[in-house]
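To start, the structure under review is shown below, and the notes come after it.
Quantities reported herein were computed from a predicted structural model and do not represent experimental measurements. Start at 1 and go down the list; that is how both ligands and their atoms are numbered.
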Amino acid sequence: MKKITAIFLCMILIQVLTAQTSTSLSNVIPKPVSVIENAGTFTFYKHTSIESPSSLLNAKKLLESQLQNYAFTNATTNNTEIEYILANEKEKMAKEGYKIAITPKVITITAKNIQGALMATNTLVQIQLLQKNAQQIPCGIIIDSPRFDYRGMHLDVSRHFYPISFIKKYIDLMALYKFNTFHWHLTDGPGWRLKINSYPKLTSIGAFRTHNDWKSWWNSDRKYLTEGDPNAYGGYYTQEQAKDIVAYAGARGITVIPEIEMPGHSNEVFVAYPELSCSGKPYVNDVFCAGNEASFEFIEKVLTEVMAIFPSKYIHIGGDEAGKGDWKKCPKCQQRMKEESLKTEEELQSYLVKRVEKFLNKNNRNLLGWDEILEGGLTPKATVMSWRGEKGGIQAAMENHDVIMTPGGETYFDAYQNIPSTQPEAIGGYLPMKRVYNYEPVPSSLPKEKQKYIKGTQAQLWSEYIPTSNHVEYMTYPRAIALSEVAWTPKENKNFDGFLQRLQSHYLLLQKLNVNYYHPSTLVEVFSKPDLTMQKNQINFTSEIYKANIRYTLDGSTPNMNAEKYEAPFYVGGEVTIKAAVVTNESVVHEATTFYANYHKAIGKKVKFNTPWDKSYPAQTESTLTNGIIGTITYSDKQWLGYTTDFDVVVDMENNTSLNKIGLRFMQYIGAGVYMPKWVTFSFSNDGTNFTNPIKIDNDVSDTDRKLSFKTFETKLINTSARYIRVQADNARRQFLFTDEILVN
Ligand code: ACM
């Protein structure tokens with residue numbers, strides 16, 4: 001071989017090796033404002049120097065502490081350096097903005113302030129963790145700044161208590177994805193988790209309960225035990241531990257906001273200090289007595305200790321789900337309402353929140369609360385977390401208040417990530433990663449001049465069904481990675497397919513850090529959409545497996561690895577049983593999904609509604625039941641029409657039509673109060689008035705089975721033709737019925 005050819009081949013080999021071993025800067029999540037990739041790599045050596053001006057010293061310290069976790073080549077020659085530079089006054093750079101320039105010899109990190117330098121450091125640490133060989137990272141330039149100022153992750157440590165070591169891991173992971181706020185839900189009915197010196201019984205009694213398991217405790221008489229009791233379950237953080245967490249988070253650019261719940265969700269307080277409740281007895285109330293000055297003395301003393309630990313601008317005071325029934329019956333509360341001319345109990349809550357806000361403001365802090373603090377009038381400077389959808393957030397923004405968007409449907413990570421039967425028990429709901437990614441925190445209905453009040457978004461981790469820190473990780477990742485891009489990345493840079501591609505390299509990071517993340521599901525999701533011109537359904541498969549090898553059949557047989565490979569959406573007419581499965585590692589065929597595609601005769605036909613659907617679940621209104629679209633596994637996908645009354649509709653087939661089969665599809669999910677009807681009837685008419693030949697189909701699905709189930713109430717028809725079909729379903733139970741389609745063949 002000629003020498004020149006050998007050198008050339010060698011160069012190609014080096015390029016191939018580099019390509020295999022280094023993950024490009026373009027894989028950073030959240031996707032930065034701009035990334036330029038350059039040739040070459042930077043190598044970390046044991047003697048790689050890190051320089052910084054004094055104002056950015058804490059970023060250098062963070063980098064040192066993160067880098068020392070890895071083994072570096074112990075070379076003294078051929079050294080490299082990392083330099084932090086304070087951007088000059090004239091340089092345009094956003095508050096948390098930064099620039100990282102990586103060349104083979106030098107990494108330069110430029111920021112305007114320490115927060116920007118910390119965000120840059122978190123990015124650099126992530127880039128290193130994405131590499132199979134952590135000693136080398138690719139060259140290039142990243143210029144970056146966040147879309148939103150507030151990028152939060154919440155953690156409920158009341159329903160279940162997690163150790164300080166885990167809180168640190170939670171914060172470490174947050175930092176890698178540039179979240180800047182840790183909302184620590186420290187107090188709630190199931191346990192008070194922060195030592196308060198002036199009220200020691202809050203933790204010696206209020207931090208321990210009788211049962212570990214949530215449902216066992218909730219379904220029992222919900223008792224507490226004293227610290228040290230052999231059966232006591234719970235725990236609390238000392239003030240020193242909490243201060244350590246504040247410092248640990250601060251070193252990573254993260255502010256800790258404590259939440260101290262009031263006036264509701266406070267049962268544990270009254271077990272320790274019953275005199276603060278309306279009845280004066282333990283195990284009776286869950287709201288503070290708003291007529292008793294001792295309640296305010298308690299709140300102020302507790303918040304004084306809390307403020308001494310947490311320097312955050314915000315103090316979260318909860319404010320959610322406070323029942324007003326106790327106040328209605330309490331003479332002291334009623335007396336207070338009279339004295340203060342408060343007309344409703346909502347105004348009494350607002351009175352309490354106002355007093356607390358005044359106290360916080362006097363201490364240079366701002367009040368943050370869940371959207372119930374809007375009821376009875378928002379206090380002057382409060383910031384609102386909009387959890388019951390976006391309505392509260394929109395209202396607060398219209399009133400010129402800052403808002404953090406935390407809607408249940410998009411940001412509650414206690415919801416299922418996949419079909420419930422495939423998952424550990426969760427509280428309910430359905431929030432796959434894609435739905436998190438597609439969340440847009442600025443409502444389109446909000447006028448432009450009010451949009452500035454939307455400060456950001458946050459993931460909620462309510463822990464009823466999350467008993468261990470390992471399980472917190474399962475519920476959090478990778479959904480939090482998706483939310484990081486919602487919170488940080490410019491809207492125009494977001495793209496779900498691109499995100500999925502980038503995400504693939506992050507599984508290595510999660511594995512390196514021993515994160516018990518949710519693995520992408522091998523199930524195939526099937527979507528069917530009618531094409532009225534072709535008179536066929538367009539079939540589309542997706543899977544959480546990136547670029548999945550999907551094999552399918554149309555004859556009802558189980559697909560194997562030689563079955564038809566899915567390349568692009570295709571069309572099928574009439575009734576077809578589709579089975580589709582993901583194949584991984586060349587030959588492992590996973591469980592197939594079965595889908596009944598049906599291009600049926602009622603598609604596009606008008607439906608007259610004799611009984612109305614429930615206003616909360618209008619799906620596609622009049623067109624829902626004949627739009628040819630089969631609902632997915634969640635009733636919130638806008639294809640499932642909700643009913644809380646009996647169901648009674650008439651389909652107009654436009655002409656006298658011969659009918660061979662008819663069906664109406666329902667779902668049951670009793671955890672959410674969704675049941676099958678007891679029966680469904682079909683009857684027929686040619687004048688739309690007189691219906692004859694009713695056929696009744698009884699339900700045969702158990703009403704105690706908690707599994708998500710689907711049933712088409714259907715019947716074959718012989719020698720039947722009609723123009724009008726009346727479909728009725730019983731809902732004597734007056735729970736929810738959800739139906740997605742009337743199928744006529
Ligand atoms: C909440 O989920 N109760 C704020």
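Residue contact check: Trp462 has heavy atoms under 4.0 Å from atoms 1 (C), 2 (O), 4 (C) of ligand 1.
The protein atom (non-hydrogen) at minimum distance from atom 2 (O) of ligand 1 is Tyr412 OH, 2.6 Å.
A donor atom on one side chain and an acceptor atom on the other are not found under 3.5 Å apart for Gln460 and His154.
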- Evaluate the criterion side chain to side chain donor-acceptor pair (under 3.5 Å) for residue pair His506 and Tyr517; output intermediate values, then yes/no. CA-CA 11 Å; His506 288 250; Tyr517 62 89; over 6 Å; no

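Judged by the 6.0 Å and 45° rule, Lys223 forms a cation-pi pair with Tyr283.
At under 3.5 Å, a nitrogen or oxygen of Asp320, whether backbone or side chain, sits near a nitrogen or oxygen of ligand 1.
Under the 4.5 Å side-chain criterion, counting only non-hydrogen atoms from C-beta, Ser279 is not in contact with Phe270.
When heavy-atom distances to ligand 1 are checked against a 4.0 Å cut-off, Glu321 comes that close only through its side chain, counted from C-beta outward.
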